[in-house]
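Accompanying notes for the structure given below.
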Amino acid sequence: MKNILEINKLSAGYGALRVLHEIDLSLNEGERIGLVGLNGHGKTTLIRAITHMTEWQQGSIKFCGEEIGGIRSFGAGRRTAKLVKMGISVAPQGDAIFPGLTVRQHLNCGAFTKIAWKEKEKRIEMIFDIFPPLKKLENSLVGKLSGGERRMVSIGRMLMVDAKLYLIDEPTNGLAPKIYSSLLKAIWELNLNNSSMIIAEQNINLLSKNVDRVIGIYAGRLRGEVGHVELK
Amino acid sequence: MIDLSLLPYALNLAAIYALMAISISMIWSSIGMLNLAHGATFAVSGYAAWNLSIIFKPIILSIFGKTLIAKLLMGFVLISSAMVAGAMFGLIIYLLAFLPIHDKPNYPVRSLIITLAINIATIQILLFMFGARNKGLPKIFGFGKFEIFEIPIRYDQAGTIISTIIILGLMLSWLKFSRMGIEIRAMMQNPEGAAYSGISRRTTAIPVLMITGALAGVSAALLSQTIFVSPTSGSIPLIKGLTIALLGGLGNVPGAMIGAVLIGFLEAIVGSIQQRYVMFSTFIFIIIVLIIRPRGIGGLLDDTRE
């Protein structure tokens, strides 16, 4: 099975703050990993480190065999756009939406790679099939949508790219159980084909039956697969 | 009772200020740079238009004589040369004040200082090259005036207002519908989200700085119909552009447009009473608005939430 992501001794942080401590993680083609941990223990920073959004990082990150680690960035990631074009697609925490664009324009924003731009209409229809409420809202401004609808738009934008690695950061955060259960159902039903997924989440019960492995993160260190190693 | 003859003067000012304020606002919100070299772009564009008008004026006159075609051609040469010079200067700002530092700590402060340095250095270079004497650009729209509803309008005022409406209309449509326009708007609204969408700030900054530079060029060519070109001619439009961009809510294009119209009218009205109170009243007005609405006029227009 082809290796998609290989992380070795990755440390990362912001300024003097070291958030991640020598993390090792491997992800194969078609695999879904759940990353579970409490607030402030490094789930988001790990996703940000993979996408070059941390101020500094040490160690190695190999994506499909190519070294992408060691890049530091202040503000919006210097090389994040390049990673998206290489095949890493992200639905970040807090959605990172564009409030003044319509749902359709927002989804188009996920298609700024050459191939995705050519296929954008087809993929938008696919996303409307996955999240039917978005179809009616396609000409509405994203800034006027509810939290759940925004999360659908954010994940929809992520799916506009035919990526090799999807990173989703806390998709249920701040949503009512009824709304996030339908959102998660759509995520679990995604046909990954040859892609892989890392999904960060606080609630282990939402992940365990739907991902191949659940890995715990505590104080910036991976604590192995949950079930084998107990989280503090 | 307000004197209606002030209307064309106020709209003329509003048109120039809108071009400057929208540019400053766009640069700030899309690439996080408060571009203090925008005044230098204005002055450089004015000098480029003046230089090319000296070269082309005798050629055009010798071929077409004093005909309408000659006037149109001169207008085209003036505006296009100012736009190209502005866009090129935008590229220089990109190379000096954006590219080397955009991923370094304290980028907004560093870029502010570098663009200020570019502004000062450019003024000195222009002084060295062309001297302190003012230069007059040929009149694109000719001399004379006409009346609408008994309000006298000078040709240059009408030309400036109409040209600005056309140019801003084209630019805003391009921003709204083109792929590059959507990229720039996405970056204006959420730089981090834009990076996650595959939009490179490093690449998109090039058209942003070139287009806003071209807009400064247009405003230089149009304002130079009323005032002279000089090394410091960009300073007042820069200050006005910056304050109007703040009044409109930095990053908000419609807010900047409304702000420009309000300040244009305020200046025209106060100027008709007592010219020396113009700057004073402008800043007092902006301060009052920002105390009441810290997000500026844009905050009132924006019905979406972040």
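Note that the structure is predicted; figures quoted are calculated from it, not measured. By convention in this document, chain letters (A, B, ...) are assigned in the order of the sequence lines, proteins followed by strands, and residues within each chain are numbered from 1.
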Report summary line: If you tally heavy-atom pairs under 4.5 Å between each of Ala91(A), Pro92(A), Ser154(A) and chain B, the highest tally belongs to Pro92(A)
**Report entry** Lys104(B), NZ: over 12 other non-hydrogen atoms inside 6.0 angstrom
**Finding:** yes
**Report entry** Proximity breakdown for Tyr196(B) and chain A, heavy-atom pairs closer than 4.5 Å
**Finding:** both
Query raised in the report: Given side chains that start at C-beta, do those of Lys82(A) and Arg202(B) come closer than 4.5 Å, heavy atoms only?
Result: no
Report summary line: For Leu101(A) and Ile182(B) the tightest heavy-atom approach is CD1-CG2, 4.1 Å
**Report entry** Non-hydrogen atoms of Ala195(B) and Val84(A) that approach each other most closely
**Finding:** O-CG2, 3.7 Å
Query - Pro207(B): side chain to side chain contact (heavy atoms under 4.5 Å, CB included) partners, not counting sequence neighbours - result: Met180(B), Ile211(B)
Query raised in the report: What is the distance from atom CD1 of Ile199(B) to atom NZ of Lys85(A), rounded to the nearest 0.5 Å?
Result: 8.5 Å
Requested in this report: Determine whether Ser197(B) and Arg157(A) make a side-chain contact, defined as any pair of heavy atoms from C-beta on separated by less than 4.5 Å.
Outcome: yes
Query raised in the report: At what distance, to the nearest 0.5 angstrom, does CG of Asn108(A) lie from CD of Glu183(B)?
Result: 11.0 Å
Query raised in the report: Counting N and O atoms only, with roles assigned by atom type, does the side chain of Asn190(B) sit under 3.5 Å from a partner on the main chain of Ile97(A), one being a donor and the other an acceptor?
Result: yes
Query raised in the report: What residue in Met188(B), Met187(B), Arg185(B) has the most heavy-atom pairs under 4.5 Å with chain A?
Result: Arg185(B)
